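Read the structure below first, then the notes.
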Amino acid sequence: MAKTYKIAVLPGDGTGAEVVAEGKKVLNVAAQKFGFKLEMTEFDIGGDRYLKTGEILPDTVVDELRQFDSIYLGAIGHPDVKPGILEKGILLRLRFELDQYINLRPVKLYPGVDSPLKDKGPEHVDYVVVRENSGGIYTGTGGISMKGTNHEVAVQSMVYNRFQVERCLRYAFDYARRHGKKAQGKGSENTLGLVGKTNVLTYVFDLWERTFNEVGEADYSDVRRDYYHVDATCMWMVKSPEWFDVLVTSNMFGDIITDLGAITQGGMGIAAGGNINPEGVSMFEPIGGSAPKYTGMGIINPLASIVAGSMMLDTLGEFEAAEAVEKAVIEVTGTKIESLAAGKMGYSTSEVGDLVADAL
Ligand code: IPM
Ligand code: MN
């Protein structure tokens with residue numbers, strides 16, 4: 001009997017539905033070709049539902065989502081809803097409640113894609129950021145007191161415990177061992193670089209650095225260890241991205257450097273990410289937002305969503321299918337599409353989905 005995966009689909013806001021539709025199209029072709037089934041169930045979550053009913057993410061939905069093999073997300077963010085409500089109430093809540101403690105973000109420049117980096121091609125921009133996704137400033141305690149007075153105080157703390165740091169680092173070491181440059185036949189060693197700020201954040205990144213060295217020495221002596229300050233990392237991501245293999249970092253730093261990484265790989269039209277709980281339910285998404293101004297026009301680029309689908313297949317264990325979807329995307333970027341920008345692709349959203357499906 002063909003293996004069946006239960007996928008929860010959350011199109012979300014804005015152009016989310018349009019890109020997810022193309023992702024589903026390609027995923028279904030992959031399923032047929034590689035002999036598995038995808039049972040997709042759609043959930044209406046997002047700004048429109050919130051504005052209509054006041055509901056953001058009912059507890060019953062969170063519990064239902066725990067029963068799926070994976071979650072396929074479009075985009076969260078609505079122009080008529082105050083910033084923070086949907087992001088915290090849906091995206092971050094799912095990450096935290098489903099304990100998706102890894103945010104995996106490949107920074108890979110595909111053939112045919114323009115990078116703003118001078119003289120850099122696909123052979124230079126090809127690394128992965130493992131962003132810690134369950135702690136740090138995102139979940140640290142804080143608050144405001146004496147609001148509106150001259151004495152107003154605002155605090156938001158960067159909080160990490162050893163458990164969170166260690167499980168993230170172990171995932172990153174394992175990832176470097178399996179997918180690093182040596183594992184891919186592209187270099188002589190697999191390297192994991194820790195991105196921190198040990199010269200200023202001397203408590204939190206001391207914990208990260210000590211754990212990094214202890215765990216690396218004890219269990220991953222085959223993986224080379226590097227350390228970079230986060231500010232310098234931004235510089236090298238622009239100047240010498242070919243240095244990097246797998247990078248691991250905290251939640252906030254990871255958020256920031258992966259937007260920089262995304263633009264070096266051609267922008268939000270192509271950048272995808274996975275919110276991964278290796279022992280539970282993971283969630284895959286294009287990392288760009290809901291792009292409200294393009295909603296319903298059929299001009300948004302669905303490739304990031306399709307790449308997110310490929311990452312989902314990989315995490316489900318459908319490695320061949322995952323690779324085939326990525327290869328199909330590469331064929332389309334390399335031979336068809338003019339630009340990744342919305343409205344400038346030379347094709348409509350659904351035509352790009354068709355091109356990838358045909359290539360597959
Ligand atoms: C991302 C986004 C989110 C984050 C926002 C929308 C809460 O920027 O996935 O990178 O900060 O993590
Ligand atoms: Mn971000």
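Keep in mind that this is a model prediction, so the values were computed, not measured. Just so you know, ligand 1 is whichever comes first in the structure, and atom 1 is the first atom listed for that ligand.
Looking only at protein heavy atoms, the nearest one to atom 10 (O) of ligand 1 is D255 OD1, 2.9 Å. When only non-hydrogen protein atoms are considered, atom 5 (C) of ligand 1 lies nearest to L91 CD2, 4.2 Å.
Residue contacts with ligand 1 do not include K88, since none of its heavy atoms lies under 4.0 Å from the ligand. Distances shorter than 4.0 angstrom do not occur between any heavy atom of I287 and any atom of ligand 1.
In M252, neither the side chain nor the backbone holds a heavy atom less than 4.0 Å from any atom of ligand 1.
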Y160 and W208: CA distance, side-chain angles, deciding distance, ring-ring contact (aromatic ring centres under 6.0 Å, His included) verdict: CA-CA 9 Å; Y160 268 115; W208 274 86; 5.3 Å; yes
Residues L27, Y72; criterion side-chain contact (heavy atoms from CB on, under 4.5 Å); working and verdict: CA-CA 11 Å; L27 287 169; Y72 190 48; 4.1 Å; yes
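Taking distance alone, with nitrogen or oxygen atoms compared against 3.5 Å, E87 stays at or beyond that limit from ligand 1. For a threshold of 3.5 Å applied to N or O pairs, the pair formed by Y138 and ligand 1 contains at least one separation below that value. For ligand 1, none of its N or O atoms has an N or O atom of E285 under 3.5 Å away.
With a cut-off of 2.8 Å, the Mn ion (ligand 2) has an N, O or S atom of D255 in range.
With side-chain heavy atoms closer than 4.5 Å counting as contact, directly or through intermediates, the hydrophobic cluster containing V155 also holds M146, V153. Hydrophobic cluster membership for I287: M268 (Ile, Leu, Val, Met, Phe, Trp, Tyr linked by side-chain heavy atoms under 4.5 Å, directly or transitively).
Shown in contact with R95 at under 4.0 Å from a heavy atom are these atoms of ligand 1, numbered in order with element: 1 (C), 4 (C), 9 (O), 12 (O). Using a 4.0 Å cut-off to heavy atoms of R105, the atoms of ligand 1 that qualify are 1 (C), 9 (O), 10 (O).
A parallel orientation is assigned to the rings of Y175 and Y171, their planes being inclined by less than 30° (bins at 30° and 60°).
The pair R167-E279 does not meet the salt-bridge criterion, since no charged nitrogen lies less than 4.0 angstrom from a carboxylate oxygen.
Looking only at atom types and distance, the side chain of Y138 has no donor-acceptor partner in the side chain of N133 under 3.5 Å away.
A cation-pi contact, defined as under 6.0 Å to the ring centre and within 45° of the axis, is absent between R178 and F319.
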